[in-house]
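Reminder, nothing fancy here: chain letters follow the sequence lines and each chain counts from 1. These figures come from a predicted structure and were not determined experimentally.
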Amino acid sequence: MNGQTLIQKILASASGKENEGVAENEIVFVSPHMILSHDNSAAISKTFYKITGPNGKVWDPNRIFIALDHAVPAPNAVQADNQKLVRKFVQDQGIKNFYDGGTGICHQVLPEKGHVPPNIVILGSDSHTTTHGAFGAAGIPIGRTETASVWAIGQTWLKVPESFKITLDGDLPKNVYSKDIILEIIRQISAAGATYKSIEFYGSAVAKMSMSERMTLSNLSAEMGAKAGIFPVDNVTDKWNKQFGFKYDRISADEDAIYEKTINLDISNLTPRVARPHKVDNVVPVSDLPKTSIDVALIGTCTNGRLDDLKIAAEILKEKTIHPKVRMFVYPASREVLLQATKLGILENFIKAGAQINVPACGPFLGAYCCCISGGEKAISSANRNFKGRMGSKEDTGIFLASPATVAKSALAGFITSEDV
Amino acid sequence: MKLTSNKLWIFQDDDINTDVIFPGRYTYDPLTPEQMATHAMEDYNPNFAKEVSEGDIIIAGNNFGAGSSREQAVTCLKAAGVSCIIAKSFARIYYRNAINEALPLVISPECSNLILNKKDEYQNEQITVDFDNGLIKTKDSEFKFPKLDEQALKIFQAGGLVNYTKERLKEKI
Ligand code: SF4
């Protein structure tokens with residue numbers, strides 16, 4: 001057998017085949033280390049009982065993770081009922097890793113609470129489950145019915161994917177961030193370009209990235225269709241893991257592993273990027289954009305709502321006032337982020353500049369709840385999707401995606417810019 | 001299994017995403033499949049939900065079902081009567097969700113290309129999809145398509161993942 005890629009090694013170990021290894025396109029049966037879901041757990045629990053009957057028990061209550069994050073606090077009675085159902089399910093099944101509304105976004109809380117050691121498989125009923133690749137795990141998104149099925153039998157089938165190798169070298173110029181790197185990669189690969197593939201990230205620039213920056217890259221790997229976006233474990237990962245006392249071996253891809261595609265990117269000359277409506281791969285340098293006024297500016301989400309993101313934006317807003325025509329919303333990704341941001345005085349900058357601080361949660365990013373935009377309005381956002389209607393209105397004239405720095409500068413200017421104006 | 005199309009819905013865009021197939025603003029409303037069907041394709045083609053009927057087939061380009069893992073994007077089309085989707089390619093989670101809900105998807109870049117390029121000509125034609133032999137027939141041509149792999153087929157034949165897992169749970173007892 002050929003040398004094994006990272007995803008091959010992880011899937012081999014999760015399916016009890018570490019000795020023989022697994023081949024690309026082979027079907028393996030995998031039991032996840034942890035399976036994640038959020039507000040959709042209410043619907044999943046209904047399907048679960050359809051499968052098991054009314055007295056069914058989950059396969060392992062310790063390996064189910066649920067965070068309420070999408071519509072919190074519940075904006076209406078329907079959502080409140082929904083969440084009540086989840087709490088009841090959690091109690092009936094003895095699920096330990098339940099985080100109620102206000103703890104934060106599932107993809108932020110899962111690693112923060114120490115549920116993501118390296119080399120393991122995380123399945124998640126959310127498309128950005130790829131985020132956990134930052135920690136050297138295979139974070140693989142699945143659907144609701146499949147989640148219900150895993151809750152019941154503890155297992156699912158996966159096809160071993162082919163892999164892409166992305167090598168990033170050089171030093172990030174000032175004012176350019178990991179979000180700009182991944183937007184540029186998505187531009188090159190396209191929205192469907194990595195469908196079914198697992199991406200591995202390497203290079204001297206990667207070695208210098210924080211866990212938070214890596215999470216942004218893994219998170220947005222989903223927007224190229226990828227099944228996973230994995231960073232091999234290095235010193236930065238080890239340091240993060242110390243707080244949880246994980247025991248593990250460092251695994252790496254074999255030297256003779258085969259990659260379907262390799263991409264090398266020198267980031268030294270990269271400039272700020274923006275994804276234009278209504279596709280994530282519709283990416284150009286911010287400087288190429290014609291003057292585009294905005295109505296809403298948004299910092300948050302599982303892509304860019306962490307402490308470093310808030311810090312960067314708050315530094316830009318310090319002692320300034322956002323443009324009078326712009327509403328700015330800030331969503332810390334978790335309670336922990338909110339707490340740290342409070343201690344560091346970061347929130348003060350936002351509040352003084354005129355931004356609105358919200359509960360740690362997903363917020364408006366799926367148009368279901370809160371801070372929605374109206375027909376004809378435009379938004380600049382640090383999120384991960386700019387599909388039409390994503391922020392509530394079918395008649396929106398566009399969501400633009402950029403780094404928290406570009407979002408903050410645009411909020412001051414009233415139009416999209418990565419410059420100080 | 002063999003299907004004959006009722007009406008063809010020909011969607012020429014690539015990357016038709018789950019947000020336009022089933023808008024995010026409804027995802028956390030507890031809706032029945034029939035209610036979901038009334039929002040199918042709402043942000044892409046507002047007439048779809050009104051005009052679609054049992055046995056219709058969708059023809060699409062690349063990466064149909066891109067984006068979120070929301071399963072309603074499969075459920076709503078199935079409940080609306082769509083019997084099959086033929087595309088150049090599908091997004092990964094969408095493809096899995098469709099298997100899990102037993103909605104047949106066919107990957108045939110050749111067939112999609114032909115029909116997308118000659119939309120007017122094929123609009124009112126019937127096509128047949130023969131799953132046992134992996135064959136699509138249009139008025140003037142035939143296309144082979146890869147059959148489902150064994151595991152997917154088992155789920156499909158059980159009528160979806162709920163039934164399949166039910167059976168597996170029974171085996172365990
Ligand atoms: S922040 Fe947005 S993209 Fe991330 S999990 Fe929540 S809804 Fe999904």
Side-chain angles (χ1 to χ4, degrees), chain A residues 25 27 29 39-40 42-43 46-47 50-53 56 70-71 78-79 81-82 85 124-129 141-146 148-150 152-153 155 157 159 161 190-192 195-196 222-223 225-227 278-281 365-369 372 385 387-392 394, chain B residues 13-21 23-31 42-44 46 61-75 88-102 149-152 154-155 160-169 171-172:
Chain A
N25 294 319
I27 303 284
F29 290 86
D39 302 35
N40 57 11
K46 288 181 196 157
T47 310
K50 237 191 252 170
I51 294 172
T52 62
H70 273 54
V78 173
Q79 299 293 351
D81 290 348
N82 211 42
L85 202 74
S125 190
D126 186 273
S127 46
H128 293 101
T129 303
I142 57 174
R144 291 181 181 183
T145 304
E146 197 157 359
S149 172
V150 175
I153 55 174
Q155 210 191 44
W157 62 283
K159 196 185 241 183
S190 90
T195 303
Y196 297 97
E223 301 309 319
K227 182 168 188 161
H278 300 282
K279 283 186 181 182
V280 186
D281 60 0
F365 311 105
L366 73 173
Y369 166 53
C372 296
R385 288 212 174 116
F387 303 157
K388 201 164 183 50
R390 184 85 182 166
M391 288 175 76
K394 288 191 250 189
Chain B
D13 294 293
D14 287 335
D15 306 317
I16 291 181
N17 66 63
T18 50
D19 277 57
V20 299
I21 302 173
R25 55 188 172 278
Y26 309 119
T27 44
Y28 294 94
D29 297 346
L31 303 178
E42 188 167 295
D43 287 359
Y44 184 75
N62 271 311
N63 201 24
F64 186 86
S68 108
S69 62
R70 93 179 45 134
E71 222 159 280
Q72 297 98 316
V74 173
T75 316
K88 291 186 200 170
S89 67
F90 292 92
R92 185 190 85 89
I93 314 176
Y94 195 83
Y95 192 77
R96 268 184 100 83
N97 284 343
I99 291 169
N100 291 341
E101 297 213 23
D149 54 46
E150 204 187 331
Q151 181 54 31
K154 277 188 199 160
I155 297 171
L161 188 63
V162 169
N163 289 340
Y164 175 79
T165 308
K166 258 190 201 167
E167 286 164 21
R168 288 207 40 202
L169 271 180
E171 285 162 21
K172 273 195 182 167

Where [X] and [Y] come nearest, the two heavy atoms and their spacing:
X      : Y      : result
A/G143 : B/I93  : N-CG2, 4.2 Å
B/L161 : A/S149 : CD2-CB, 3.5 Å
A/S127 : B/G67  : CB-O, 3.8 Å

For the candidates [options], which exhibits the highest count of non-hydrogen atom pairs separated by less than 4.5 Å from chain B?
options                       : result
A/N40, A/V78, A/I153          : A/I153
A/K227, A/K279, A/Q155, A/K50 : A/K227
A/A192, A/A152, A/G53         : A/A192

Residue part contacting chain A, namely of [X], when any heavy atom lies under 4.5 Å:
X      : answer
B/Q72  : side chain
B/N163 : neither
B/E101 : side chain
B/N17  : side chain

Exercise. Test A/T195 against B/S89 for side chain to side chain contact (heavy atoms under 4.5 Å, CB included), laying out the working first.
Key: CA-CA 9 Å; A/T195 303; B/S89 67; over 6 Å; no
Is any side-chain heavy atom of [Y] closer than 4.5 Å to one of [X]?
X      : Y      : answer
B/E150 : A/I27  : no
B/D43  : A/F387 : no
A/T145 : B/N97  : no

Say you draw a straight line from [atom1] of [X] to [atom2] of [Y]; how long is it, rounded to the nearest 0.5 Å?
X      : Y      : atom1 : atom2 : answer
B/T165 : A/E146 : OG1   : CD    : 8.5 Å
B/D14  : A/S190 : CG    : OG    : 9.0 Å
A/W157 : B/R96  : CH2   : CZ    : 4.5 Å
A/D126 : B/R70  : CG    : CZ    : 10.0 Å

Quiz item: Of the backbone (N, CA, C, O) and the side chain (C-beta and beyond), which part of A/A191 lies under 4.5 Å from a heavy atom of chain B, both, or neither?
Solution: both
Self-check item: Cationic N near anionic O, under 4.0 Å, B/D19 to A/R385
Solution: no
Quiz item: So, does B/R92 use its side chain to make a donor-acceptor pair with the main chain of A/P141 at under 3.5 Å?
Solution: yes
